[in-house]
Peer 1: 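To start, I am sharing the structure in question, which I have written as C-alpha cells.
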Amino acid sequence: IAADYSENGLKNVLQQAFQKLPECKVATDSTWTHTWAGSLGFLKLQNDAVYTMKGFQKTPLGRSAVITATMTSRYMGGKRIETGQGMATVDKFNVRGSGLTLFNVDTGRPATRKITQKVSAKFFIEPPAELKQAAPDQARDFWWSQEATIESVVSTITL
C-alpha cells in the first residue's frame with residue numbers, strides 16, 4: 001500500500017510543484033513535449049503534455065517566463081481489468097487538461113502554477129462471484145461513472 005501511494009498518489013501531487021523544461025534554450029513561441037507513463041490505481045496511463053513559452057513578465061518575485069500547457073492522459077491497458085476486487089470493463093476514459101505556469105527565471109522554480117483537468121470515465125463493475133454468492137442482494141454488477149473538473153494551484157510561499 002505504501003509503495004502504491006508513493007508511486008501513484010504522492011508522486012502525482014508533488015510533480016505539480018515542478019515544471020518540466022526542455023534540454024535546449026527556448027524563446028517566445030517555443031514548444032516542447034513531455035510524455036511519461038503513470039498509473040491511477042489499477043489503470044496504466046500514458047500522459048502527454050505540450051508546453052509553449054508565451055513570453056516573460058515581471059512579478060513581485062522576479063522575472064518570470066509564462067508557460068502554457070495542454071495535457072492528455074490515455075488508458076493503455078486491456079478493455080477488461082482484474083482489479084483485485086472484481087472485474088472492471090473500461091467503457092470510456094478521457095482526461096484532458098490545461099495549465100499556466102509563471103516560472104521564475106531568477107530562482108529556476110515555478111512561482112505559481114495552475115492546472116485544470118477534466119475527467120470523464122465510465123466502467124462496468126462485476127464483483128467477484130464469491131461475494132455475489134455471499135451477499136446476492138447487495139453484490140450486483142453495476143455501472144460506475146465520473147465526470148469531474150480538478151483544479152490544482154501551486155504557489156511560492158515567501159517568508
Side-chain angles (χ1 to χ4, degrees), residues 1-85 88-125 143-159:
I1 293 173
D4 187 50
Y5 178 73
S6 173
E7 185 62 29
N8 299 320
L10 190 58
K11 183 178 177 183
N12 290 337
V13 171
L14 288 177
Q15 281 181 336
Q16 295 177 24
F18 301 94
Q19 173 66 53
K20 181 70 175 168
L21 297 172
E23 298 295 325
C24 59
K25 291 183 179 183
V26 294
T28 300
D29 293 330
S30 295
T31 63
W32 62 96
T33 59
H34 178 54
T35 299
W36 67 101
S39 57
L40 182 61
F42 52 81
L43 300 175
K44 300 296 178 206
L45 306 176
Q46 178 175 317
N47 302 293
D48 298 298
V50 177
Y51 299 101
T52 303
M53 167 75 151
K54 293 296 190 177
F56 294 91
Q57 75 180 43
K58 196 140 180 80
T59 70
L61 298 175
R63 187 168 164 237
S64 291
V66 179
I67 302 169
T68 61
T70 58
M71 298 160 269
T72 59
S73 293
R74 289 179 288 147
Y75 171 64
M76 301 304 290
K79 189 161 179 71
R80 286 183 50 83
I81 309 161
E82 172 54 58
T83 69
Q85 300 175 3
T89 303
V90 179
D91 184 63
K92 174 172 68 169
F93 185 84
N94 296 315
V95 178
R96 303 214 180 287
S98 61
L100 175 68
T101 300
L102 295 180
F103 186 84
N104 187 316
V105 294
D106 299 327
T107 64
R109 292 185 297 243
T112 184
R113 190 164 193 217
K114 180 179 177 181
I115 300 168
T116 303
Q117 293 177 296
K118 295 191 181 287
V119 178
S120 179
K122 186 175 180 182
F123 299 87
F124 184 70
I125 309 298
W143 283 96
W144 177 85
S145 63
Q146 180 177 10
E147 301 288 332
T149 300
I150 304 159
E151 187 172 276
S152 302
V153 178
V154 176
S155 295
T156 301
I157 297 174
T158 56
L159 303 174

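Because only heavy atoms are used, hydrogens play no part in the values below, and waters and symmetry mates are left out as well, while side chains stay in.
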Peer 1: So do L100 and K54 actually touch side chain to side chain, heavy atoms under 4.5 Å?
Peer 2: no

Peer 1: Drop me the distance from R74's CZ to L43's CG, to the nearest 0.5 angstrom.
Peer 2: 14.5 Å

Peer 1: Taking the side chain from T101 and the backbone from F103, do they hold a donor-acceptor pair closer than 3.5 Å?
Peer 2: no

Peer 1: Roughly how far, to the nearest 0.5 Å, is CG of D91 from NZ of K79?
Peer 2: 5.5 Å

Peer 1: If every non-hydrogen atom of E147 is compared with every non-hydrogen atom of A121, which pair is closest and at what distance?
Peer 2: OE2-N, 4.5 Å

Peer 1: At what distance, to the nearest 0.5 angstrom, does CH2 of W36 lie from CD of Q46?
Peer 2: 10.0 Å

Peer 1: Without placing hydrogens or testing angles, list every side-chain donor-acceptor pair under 3.5 Å for residues 55-71, not counting sequence neighbours.
Peer 2:
{"from": "T59", "atom 1": "OG1", "to": "L61", "atom 2": "N", "distance (Å)": "3.3"}
{"from": "T59", "atom 1": "OG1", "to": "G62", "atom 2": "N", "distance (Å)": "3.3"}
{"from": "T59", "atom 1": "OG1", "to": "G62", "atom 2": "O", "distance (Å)": "2.7"}

Peer 1: I need the minimum non-hydrogen distance between V90 and G78, along with the two atoms involved.
Peer 2: CG2-O, 4.4 Å

Peer 1: Under the ring-ring contact (aromatic ring centres under 6.0 Å, His included) rule, collect the residues that match up with F123, sequence neighbours excluded.
Peer 2: W144

Peer 1: Quick one: salt bridge (Lys or Arg N to Asp or Glu O under 4.0 Å) pairs with a partner in residues 23-45, sequence neighbours left out?
Peer 2: none

Peer 1: From T116 OG1 over to I150 CD1, what is the distance, rounded to the nearest 0.5 angstrom?
Peer 2: 10.0 Å

Peer 1: Side chains of V153 and S155, heavy atoms from C-beta outward: is any pair under 4.5 Å?
Peer 2: yes

Peer 1: Does the side chain of Y51 come within less than 4.5 Å of V26's, by heavy atoms?
Peer 2: no

Peer 1: Given T33 and D48, is the side-chain contact (heavy atoms from CB on, under 4.5 Å) satisfied, shown in steps?
Peer 2: CA-CA 7 Å; T33 59; D48 298 298; over 6 Å; no

Peer 1: For the atom pair CG (L102) and NZ (K114), what is the distance rounded to the nearest 0.5 Å?
Peer 2: 11.5 Å

Peer 1: Check whether more than 12 heavy atoms from other residues, nucleotides or ligands sit under 6.0 Å from atom NZ of K92, and answer yes or no.
Peer 2: yes

Peer 1: Could you check if a side-chain atom of R109 sits within less than 4.5 angstrom of a side-chain atom of N104, using non-hydrogen atoms only?
Peer 2: no

